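Read the structure below first, then the notes.
The analysis underlying the following values was restricted to heavy atoms, covering all of them including side chains, and did not include hydrogens, waters or symmetry mates. Because the structure is predicted, anything quoted here is derived from the model rather than measured. Ligands are counted one by one from 1 in listed order, and the atoms in each one are counted from 1 as well.
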Amino acid sequence: MKKKLIAGNWKMNGSLAANETLVNGLLAGMGVPACQVALCVPSVYLAQCQGLLAGSTMALGAQDLSQYEIGAFTGEISGAMLQEFGVRYCIVGHSERRQYHFETDALVAAKAQRALACGMTPVVCVGETLAEREAGRTEEVVKRQLAAVIHANGHCISEVVVAYEPVWAIGTGKTASVEQAQQVHAVLRQQLQAASNQAGRIPIIYGGSMNAANSADLLAQPDIDGGLVGGAALKVADFLSIIASAC
Ligand code: PEP
């Protein structure tokens, strides 16, 4: 059985002092977990968090990267730069980037490709809006988003992590029911199986208001291989509890 993956997405939160308290609290409470844990932190804190996580089993993650290798792209951060700080996972295509930065399926696919080229595991986010769900378009939307990444990455698709994050459940306190989440995960699993004979090793994790109270039920579903956790990843007790339910 593959280990579950619990990844915290700090988004644009944190400070030098708050990060130190949070990471030290997690390290003190976590022991050696039977699942994989990662922290996707703002880029300016990578050096600090690399230091705080040194010698631990928690992996360092980033929240985005440029699709370009190097050059005149003011404000962007390259995969090679992230790699220098020991980044193992990089979120691509988070709905907040699709929404506020107009990232397209093709751009997300290119970013996944760049992350892989730099030796990192892209955590590829897919998910429908509330309007799309209500219009009965959930399957079509998530399959279209994932298809772009499969198409661009060929056999390397077996090296990615897929995160199903219904947009209407992110930061809203509304979680997809276990049935809703499992149903979409099964669809994504099938799509991956059709694309790769290594699909069995691709984790499909759930994100969207996962918390200490609902994580155990979500993580018990056959096709839910972990969680991408926003708000609850900023609270030591809550994140530890989610980790415990995955282990
Ligand atoms: C996220 O940002 O990926 C996320 C799932 O956030 P939250 O857990 O706060 O809904």
For this session: Could you check L5 against C35 for side-chain contact (heavy atoms from CB on, under 4.5 Å), going step by step and ending with a plain yes or no?
Result: CA-CA 6 Å; L5 167 65; C35 60; over 6 Å; no

Exercise. Would E103 and R98 satisfy salt bridge (charged side-chain N to carboxylate O under 4.0 Å, His left out), going step by step from the backbone distance to the final call?
Worked result: CA-CA 4 Å; E103 294 198 358; R98 291 182 191 260; over 6 Å; no

Donor-acceptor pairs are to be reported for all side-chain atoms of residues 194-203 against protein atoms at under 3.5 Å, with residues two or more places apart or in another chain.
unit_1: S196; atom_1: OG; unit_2: Q198; atom_2: N; d: 2.9
unit_1: R201; atom_1: NH2; unit_2: E159; atom_2: OE1; d: 3.4
unit_1: R201; atom_1: NH2; unit_2: E159; atom_2: OE2; d: 3.3

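Between Q180 and Y164, the side chains place no donor N or O within less than 3.5 Å of an acceptor N or O (distance only, hydrogens not considered). Remark: the S215 side chain and the S245 side chain contain an N/O donor-acceptor pair separated by less than 3.5 Å.
Residues lining ligand 1 at a heavy-atom distance below 4.0 Å are given as N9, K11, H94, E165, A169, I170, G171, G207, G208, S209, L228, V229, G230, G231, ordered by chain and residue number.
Each of V123, L39, L60 was compared with Y89 under the side chain to side chain contact (heavy atoms under 4.5 Å, CB included) criterion, and only V123 meets it.
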